[in-house]
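Given the structure is predicted, the values throughout are model-derived calculations rather than measurements.
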Amino acid sequence: MKLFSFLSCLAATVFLLSCGTESNPPTNSTATVDASDAEKKVDLSQKGRLPTADFVRLLNEAPNAQLIDVRTPNEVVQGALPNSVNINYRGDDFEEELKKLDQEKPVFVYCQSGGRSAKTYFKLKKMGFPEVYEMTGGYLDWKKQFGESAD
């Protein structure tokens, strides 16, 4: 009977722990993000991860913004936000290109649907960029909201 109780408790604990996991980072004001391989965990604010409309509004209010598109060149030729600079997330020189950005100016980053730009957001924050904004809906959401005439 004790073995049955122990196994029941163990199963319940595993179930409860697995229910709390998420594929996306939590949405509270800080998140612990695993850095690559052997690096330490760092605490990074997520306040700059914005829905498309808020991202566009802030971008329009920032005259010295650096707008970075982290999609592949094949995706970019199908359309991009005006005045964006492509730094291919999958390129061999991706991190080196990020290091060339001006840390004194705000960085706005987007990708196709939000996955690569979220990773880039956290990478830039870890690199010490104080003002980073990520468009969580990506180019697809921007295009849906602002239409073909925005290209």
[X] and [Y]: same hydrophobic cluster, using ILVMFWY side-chain contacts below 4.5 Å?
{"X": "I87", "Y": "V76", "result": "no"}
{"X": "V70", "Y": "L101", "result": "yes"}
{"X": "F146", "Y": "Y139", "result": "yes"}

Taking the side chain as everything from C-beta on, heavy atoms only, tell me whether [X] gets closer than 4.5 Å to [Y].
{"X": "D141", "Y": "Q145", "result": "yes"}
{"X": "K105", "Y": "E131", "result": "no"}
{"X": "L140", "Y": "Q112", "result": "yes"}

For residues [X] and [Y], report the shortest heavy-atom separation together with the two atoms involved.
{"X": "Q78", "Y": "K143", "result": "O-NZ, 4.0 Å"}
{"X": "T52", "Y": "G137", "result": "OG1-CA, 3.9 Å"}
{"X": "R71", "Y": "N86", "result": "O-ND2, 2.7 Å"}
{"X": "G114", "Y": "E134", "result": "O-OE2, 3.2 Å"}
{"X": "A80", "Y": "D69", "result": "CB-OD2, 3.8 Å"}
{"X": "L98", "Y": "K123", "result": "CD1-CD, 3.6 Å"}

- [ ] Using ring pair (Phe, Tyr, Trp, His ring centres under 6.0 Å) as the criterion, list what pairs up with F129, not counting sequence neighbours.
- [x]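 Here no residue qualifies.
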Open item on the list: Checking I68 against T120 for the side chain to side chain contact (heavy atoms under 4.5 Å, CB included) test, could you report, in this order, the C-alpha distance in whole Å, the side-chain angles of both residues, the deciding distance, and whether it holds?
Closed with: CA-CA 10 Å; I68 309 302; T120 303; 5.9 Å; no
Quick check: are there more than 12 heavy atoms from other residues, nucleotides or ligands sitting under 6.0 Å from [atom1] of [X]?
{"X": "E104", "atom1": "CD", "value": "no"}
{"X": "N60", "atom1": "CG", "value": "yes"}
{"X": "N64", "atom1": "CG", "value": "yes"}

Open item on the list: Tell me whether E96 is salt-bridged to K100, with the criterion being a basic N under 4.0 Å from an acidic carboxylate O.
Closed with: no
Open item on the list: Any donor-acceptor pair under 3.5 Å linking the side-chain atoms of Y110 with those of T136?
Closed with: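 No.
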Task: N88 and T72 side chains, donor-acceptor separation under 3.5 Å - done: no
TODO: Answer yes or no for R49 and Y133: cation-pi contact, defined as NZ/CZ to six-membered ring centre under 6.0 Å and angle to ring axis within 45°.
DONE: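 No, R49 does not sit over the ring of Y133.
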Task: Test side chain to side chain contact (heavy atoms under 4.5 Å, CB included) applied to L81 and M135, step by step - done: CA-CA 11 Å; L81 273 69; M135 184 166 60; 4.2 Å; yes
TODO: Look up atom CG in L124 and atom NZ in K99, then write down how far apart they are to the nearest 0.5 Å.
DONE: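 Reported value, rounded in 0.5 Å steps: 12.0 Å.
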Open item on the list: For the SG atom of C111 and the OH atom of Y121, what is their distance to the nearest 0.5 Å?
Closed with: 14.5 Å
TODO: Scan for ring-ring contact (aromatic ring centres under 6.0 Å, His included) pairs involving residues 47-66, sequence neighbours excluded, and state none if there are none.
DONE: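 Residue pairs with at least one partner in residues 47-66: F55-F108.
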